[in-house]
Structure formats: structure tokens, C-alpha cells
Amino acid sequence: MESTKTLPIETQEIFEMLTKGYFISSDSEKQEIQKLHRAISEETNYEILYDYFNRIGFQLINGNDHSFYYFAKQDTNKKLEDKLKTAYKWIDIYDFLMSYGESINEYFSSGKIFTPDNIFTACKVNTELMDKLNKLVKNVSLPYDKIIKLIEDMVKATFIEEYNIYNKEYKVVSSFGYLEQLIKTIDITTNDEDTTFK
């Protein structure tokens, strides 16, 4: 007789978080997120949850060898244009952050701790970086406020977290690897103006 597979007690919390488009990262500073990550990663729970969510139309994705999880909805009516617009937004943000990292001779990736002041200082001395920031955040006028808006978007998307509220420090968590994977899946052909997504 086949053994009964039991869903972890955190299943509802996992579902509620992932359906909001958030990530559950292994290196989160938040205890609640750490608890959910452990629940998914524990023994056979990933397979049990994958099967369960798959039956209701969601695919539980394991990113970077279980360092983060997210949902891919199987049946979606979202228009291709909307998907591309979102992808371009994150590509532009990723490009800006990589340029920031290059400007300070550091790689901007999981584990990186930074402050808005760090980015602002780099933008003040690097006109190319400031240009990218201005193109990226158009509905805010002051450069420092643009950086705050960008950070708020990254926090909301669960790519970074507040690390030290007193020092205004933020930490890049492993779900940032999703953006790195997104960039790697794009094949850009430079023949004429042909840009192909694969």
C-alpha cells in the first residue's frame, strides 16, 4: 500500500506568499521566510508541494539548487506585451545594479549589503550611472528619491530585504538569482535590429 503524503502545516502560508509574486529565499533575514524555506526544503516536502500546487495550476520553481522558490502560473491570460514590459523593467534594473557594482569594483549579487547613500554617491561621480537611474525611474524628480523608489520596488519584489534599519542597510537575497537567470535566458542577436527572446 502506498504511503500517504502529508502536506506541511505551512502550505497555506507558502501559497499565500508565492501567489503574491514573492520569493522565499534561503538567506532571508526574516524568521517567517526562513521557516517557510525550511518547510519547502525539508526531506520530500518539495516534491509533495510541487505535486499539490501543480494540480491547482501553479508550478513551484526551485531556483539555484533550492536557494529560493517561486510560483510560475501555468494558465495565464496575461498578455505577452505585459510580460515583456515586466521583463524589460527588471532587465533595466539589473543592468543599473550591475553598473553600480562595476563602478565600485564589486559584484552586485546575493549577500551584498548596501545603503541608498552608497548608490547615491556612486551616481554623483558617474554620469553614465546617473543617466541610467534617470531613465529607470521617471515619475520621481530627485536622484536620491529615485534610488529610494528603486529600493522599495526591489524590497516589494523580495529581491532585497531591509538588513539594518538604523544604518539604512539593505541585503541582496538569493532570489536575486531569478534576475540573473532571466538575463541568461535571453538570446540577443545583433544582426540589424533583431532581438530574440528564448
Verify whether one side chain among Y50 and Q59 offers a donor that lies under 3.5 Å from an acceptor in the other.
yes
Is there a side-chain contact between T11 and L49, using heavy atoms and a 4.5 Å cut-off?
yes
Could you check whether the rings of F114 and F108 sit parallel, tilted or perpendicular, using 30° and 60° as the cut-offs?
tilted
Pair S26, S67: side-chain N/O donor-acceptor within cut-off below 3.5 Å:
no
With a 3.5 Å cut-off and sequence neighbours excluded, list the donor-acceptor pairs that the side chains of residues 31-42 form with protein atoms.
{"unit_1": "Q34", "atom_1": "NE2", "unit_2": "S28", "atom_2": "O", "d": "2.7"}
{"unit_1": "K35", "atom_1": "NZ", "unit_2": "E13", "atom_2": "OE1", "d": "3.1"}
{"unit_1": "K35", "atom_1": "NZ", "unit_2": "E13", "atom_2": "OE2", "d": "3.2"}
{"unit_1": "H37", "atom_1": "ND1", "unit_2": "S41", "atom_2": "OG", "d": "3.4"}
{"unit_1": "H37", "atom_1": "NE2", "unit_2": "H66", "atom_2": "O", "d": "2.7"}
{"unit_1": "S41", "atom_1": "OG", "unit_2": "H37", "atom_2": "O", "d": "3.0"}
{"unit_1": "S41", "atom_1": "OG", "unit_2": "Y69", "atom_2": "OH", "d": "2.8"}

More than 12 heavy atoms of other residues, nucleotides or ligands under 6.0 Å from OH of Y94: yes or no?
yes
According to a 4.5 Å side-chain heavy-atom criterion applied to Ile, Leu, Val, Met, Phe, Trp and Tyr, with indirect links allowed, do Y163 and I119 form part of one hydrophobic cluster?
no
Within-4.5 Å side-chain heavy-atom neighbours: S25 and T158:
no
Shared hydrophobic cluster, L97 / V173 (ILVMFWY, side-chain heavy atoms < 4.5 Å)
no
For the residue pair F23 and Y70, does the interplanar ring angle fall in the parallel (under 30°), tilted (30 to 60°) or perpendicular (over 60°) class?
tilted
Among side-chain atoms of T115 and N167, is any donor-acceptor pair under 3.5 angstrom?
no
Indicate yes or no: at least one non-hydrogen side-chain atom of E16 is less than 4.5 angstrom from one of Y22.
no
Least distance between heavy atoms, V172 atom then S109 atom
CB-O, 3.3 Å
Ignoring hydrogens and angles, state whether a donor on the side chain of Y100 or N126 is under 3.5 Å from an acceptor on the partner side chain.
no
Take F15 and F58, measure what side-chain contact (heavy atoms from CB on, under 4.5 Å) needs, and give me the verdict at the end.
CA-CA 9 Å; F15 180 77; F58 293 89; 3.7 Å; yes
Salt-bridge contact D51-R55 (side-chain N to carboxylate O under 4.0 Å)
no
Does K89 have more than 12 heavy atoms from other residues, nucleotides or ligands lying within 6.0 Å of its NZ?
yes
Y178 vs W90, ring-ring contact (aromatic ring centres under 6.0 Å, His included): CA-CA, chis, key distance, verdict:
CA-CA 10 Å; Y178 174 83; W90 288 116; 8.6 Å; no
Check this for me: K171, atom NZ, are more than 12 non-hydrogen atoms of other residues, nucleotides or ligands nearer than 6.0 Å?
yes
